[in-house]
Structures are given as structure tokens and as C-alpha cells.
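See below for the structure under consideration.
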There are 2 protein chains.
Amino acid sequence: MEQELAIELEQEKEQEQTPAKALSQDEVLQAALKLFAQKGYYNTSLIDIKDAVGLKSTSGLQQFFKTKQAIAVALHEQILDSFSISIDDIRRRNRKASEQLREVVDLLFKLTEEAPEIIQFLLFIKTSDFLPEPKPLFDIAAFNKLRRIIQVGIKEGEIKNIDALLAYNYFFGIIQHTLSMLLNDSLPHCKDNYQTQVWLVAWGTIAKK
Amino acid sequence: MEQELAIELEQEKEQEQTPAKALSQDEVLQAALKLFAQKGYYNTSLIDIKDAVGLKSTSGLQQFFKTKQAIAVALHEQILDSFSISIDDIRRRNRKASEQLREVVDLLFKLTEEAPEIIQFLLFIKTSDFLPEPKPLFDIAAFNKLRRIIQVGIKEGEIKNIDALLAYNYFFGIIQHTLSMLLNDSLPHCKDNYQTQVWLVAWGTIAKK
DNA sequence: GTCTATACGCCGATAGAC
DNA sequence: GTCTATCGGCGTATAGAC
């Protein structure tokens, strides 16, 4: 009896390779992010998520998030907010639109290398999968900040005097498509090469000649 | 008795407002296309589809397609094939890469106006939703034909001497992003305006100056 | 041959007891 | 936090009505 109990405790100890703490909300989000990015929202079940964080039952997730949808929504907000903050930071540290956009592009490429799931989620997740009605572009803070950069660039004479939305479209159309191909392994990953080259072309579509 | 029969025949006749036939495979595909484009693959149930084609039971769909997945696959093939054929036609009728690409762009804009579901499906559906393993880009005939146009353009000196994949990336990055915004109503629909303007910018990224 | 009604099996999300 | 139970929805299979 006592032995059996000891063994059970032993096993329990081994399971908790994570030293002491139980489980943090952020671990759940991180695990979900990976899974959503890999397999998509609908192909990811709560069972997958609970496995990824080493829980025995999906019920354990409920302390953090009531529903699977709530996980995706939280993730979405967190990533967009974080990106938005990065943009603020970039705008603070640089004055010219060209510099700001260059840093944004650098950030996106860096993330694509180091945390592809984030880019996957940021650019290619269909929010309609987990949001009742997809948020219009203009309600997204990060988008508006990028547009702002372009508007200022136009006013300051750095960027061609065209509709800011069109300019956004040209510039980020190229960037986004490039990232997409990188994520697919359709383009080889010698990043330093592209990064400058792609930047030059994208900037060339909107720069005042 | 005879009267009843007569009435029944009468009713039957009225039901068949579609002259004679009951339900065609293409009707199913068309209905599914609309639904998939609107709500996505997973948010569309067979019940939605059967409602859309006016059936009383989902079983009626099985005469055409064994499974829901089979519907999506058939749709995917049909659209890609049709697009591929259009490209062949365009290549036959034009000799210069610039003319060919211009016509491809015109076609895409036209479809975006007249049959947005097709563009939605063509450009923005995640094939991994219904294909066990997503087809690599290089196995898609239409993609390779577009790339071919660019390769020839490079050889003939029309297009800058850069990697054909990168050129594809620049050109269609802009086009695709534009179509995406049109589908979202993020860009107003005064197409004649954009179409030429967007084309010029996209072509400018790859044209030999 | 074309469609309906019904039923089965499965899985996922959620709630409650322990 | 875990386990168990429930509930609902979906895709699919079958048998039969017209």
C-alpha cells in the first residue's frame, strides 16, 4: 500500500518536469498559437492544446478560457497589440517614413525567421474562423498606424502623392506576399539577400522618385 | 382519382420551373462555392448546401459527391483548370509578356467584380482545409504558366533579369493585395481607375526600365 | 434514377462531481 | 485540477418513396 502510494507520487513528480508552477495563461496561448498556425483553428481541438501543455483533461483549460474561441480571440488581441506597440516604438525612434517602414519590414522579416507562427497568425489567419463578424481593417490599430506613417510620408514629400490606401496596398502587398512565400518555403531563406532587395522594390513603388 | 393524378402532375410540372431536369452537379458546385467563399469550408455544413440548392435532405447530395471534402476538391480543380485554360488563351492571343500579364490582370479584376466568390476561392482559400496535404505551389499548373510568362519576358528583355520567382512575387503581390482589399470593400470600386494605375505600378516593379 | 427520412457513429465543447 | 457525463452537431450510410 505504502509502496504503491510512493510510486504514484514519484510518477506525479516526474510528470511535473516544470519545477513547481502549475500552468500559466501564457503557456496556453503559446501552445495554441503554434497549433493554430500549423493546423488552423478548426483542425485544432482542445485536446490538442491540453496535450501540448501537458494537462490530463481539457477541463483544466477552462480556468483560463471558457471556450476555444476565447483562446483564439485573446491570442489575436495579444499579437495585434504587441505589434502595435512595436510600431509605436519604431515611430518614436525614427523620423523619416522611409526609416520607419524599413524598420517595420525588418521586424516582419525577423519575426518570420524567429517566430513564424506569429506572422502566420498575424497575416494569414481568417478571423472569421473565430470572430462572429470579421473586424474591418480600419478598426485595427496597427493597420492605422502603418497608414499614418504613409500619410505623414506623403505630407513630408517623401512619398508620392497618391491615395494613402493605395500606397499601403502597393508597399505591403509586396512585403506580405514575400513573407507568405517564405513561410511556404517557396522562396529559399537567405534572408539578408531578399530583405534589402524586396525593401527597395516595395519602397520604389511609393517613393517620390 | 383521375383528378388527383392530374393535379399531382400539374404540381410536378410547376415544381420543375427548371424546364425538365432536377438538380445538376454544377448547381451543387455553384452553391457550395458561394458558401465556402462567404463562410469558409468549416463553417459551411452539408445542411447549408442542401438548403441552398433546395433539397430536403443532405442525402440528395450524395449522388454527385460522396463526401463534403469531395465537393471542395472538385470545386478547387474546376476553378484552377478554368483559370489555367484562360491563361493559355491569353498567351495564344498575345505575344509580349506585358500584354499577357495585362490581360491576366484584366481578367482577375473582371472576375472580382462579376464573380467575387471565384477570386475568393482562387486566392484566399486554405487548401489545407480540405486537402490532406496542401499542394505545393509548383504543382499548380496555373501558377507555372504565369511564371512561364515571366521567364519568357526575362529572356526577351522585357523584364528585369532577376529571379523569376521574385518577379512573380513583386507583380502578383501587388495584384493580389489589391484584389483582397476590393473583396473586403476596403478600396472603393471605381475599377477603371485602379486597374490601370495598379497595373502600371505592378508592371513597374519588374519591367526593364 | 432522383430524392427523402431516419439512424448511426463520432468527436468536440462544455458542465458538474469528486 | 482531474474525471466522467452529457449534449449537440456534423458527416455519412442505408432503406425506401415517388
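Summarising the geometry, the separation between CG on B/Leu61 and P on C/dT4 is reported as 10 Å, rounded to the nearest angstrom. Counting to the nearest Å, the P atom of C/dG12 and the CG atom of A/Asp51 are 11 Å from each other. One interatomic measurement links the two molecules: CZ of B/Phe65 to C1' of D/dG11, which rounds to 16 Å at whole-angstrom precision. Across the protein-nucleic acid pair, B/Leu55 atom CG and C/dC3 atom P stand 6 Å apart, rounded to whole Å. Going from atom CG of B/Leu46 over to atom P of D/dG11 covers 4 Å, rounded to whole Å. Put simply, CD1 on B/Ile49 is 16 Å from P on C/dC3, counting in whole angstrom units. Look at CD1 on B/Ile47: it is 13 Å from P on C/dA5, rounded to the nearest Å. The CD-C1' distance, from B/Gln69 to D/dC10, rounds to 15 Å in whole Å.
Put simply, A/Lys68 has a side-chain N or O that comes within less than 4.0 Å of OP1 or OP2 on C/dA13. At D/dT12, none of the side-chain N or O atoms of B/Gln62 fall inside 4.0 Å of OP1 or OP2 (strictly under the cut-off).
Among the heavy atoms of the strands lying under 4.0 Å from B/Ser45 are primed sugar atoms or P, OP1, OP2 only; no base atom is included.
Judged by distance alone, with hydrogens and angles left aside, B/Thr58 brings no side-chain donor or acceptor close enough to the base of D/dC10 to form a pair under 3.5 Å.
One finds the OG1 atom of B/Thr112 at 9.0 Å from the CG atom of B/Leu107 (value rounded to the nearest 0.5 Å). Annotation: the span from B/Ile119 atom CD1 to B/Ile79 atom CD1 amounts to 9.0 Å, rounded to 0.5 Å. Rounding to the nearest 0.5 Å gives a distance of 8.0 Å between CD of A/Gln120 and CG of A/Asn184.
Both tests hold for B/Lys68 against B/Tyr41: distance to the six-membered ring centre under 6.0 Å, angle to the ring axis within 45°.
Out of D/dC3, C/dT4, C/dC3, the shortest distance to the side chain of B/Leu23 is found at C/dC3. Checking D/dT14, D/dC10, D/dT4 against every side-chain atom of B/Ser59, the shortest atom distance belongs to D/dT14.
In this structure, A/Trp203 and A/Phe171 have perpendicular ring planes: the angle between them is above 60°, well past the 30° mark.
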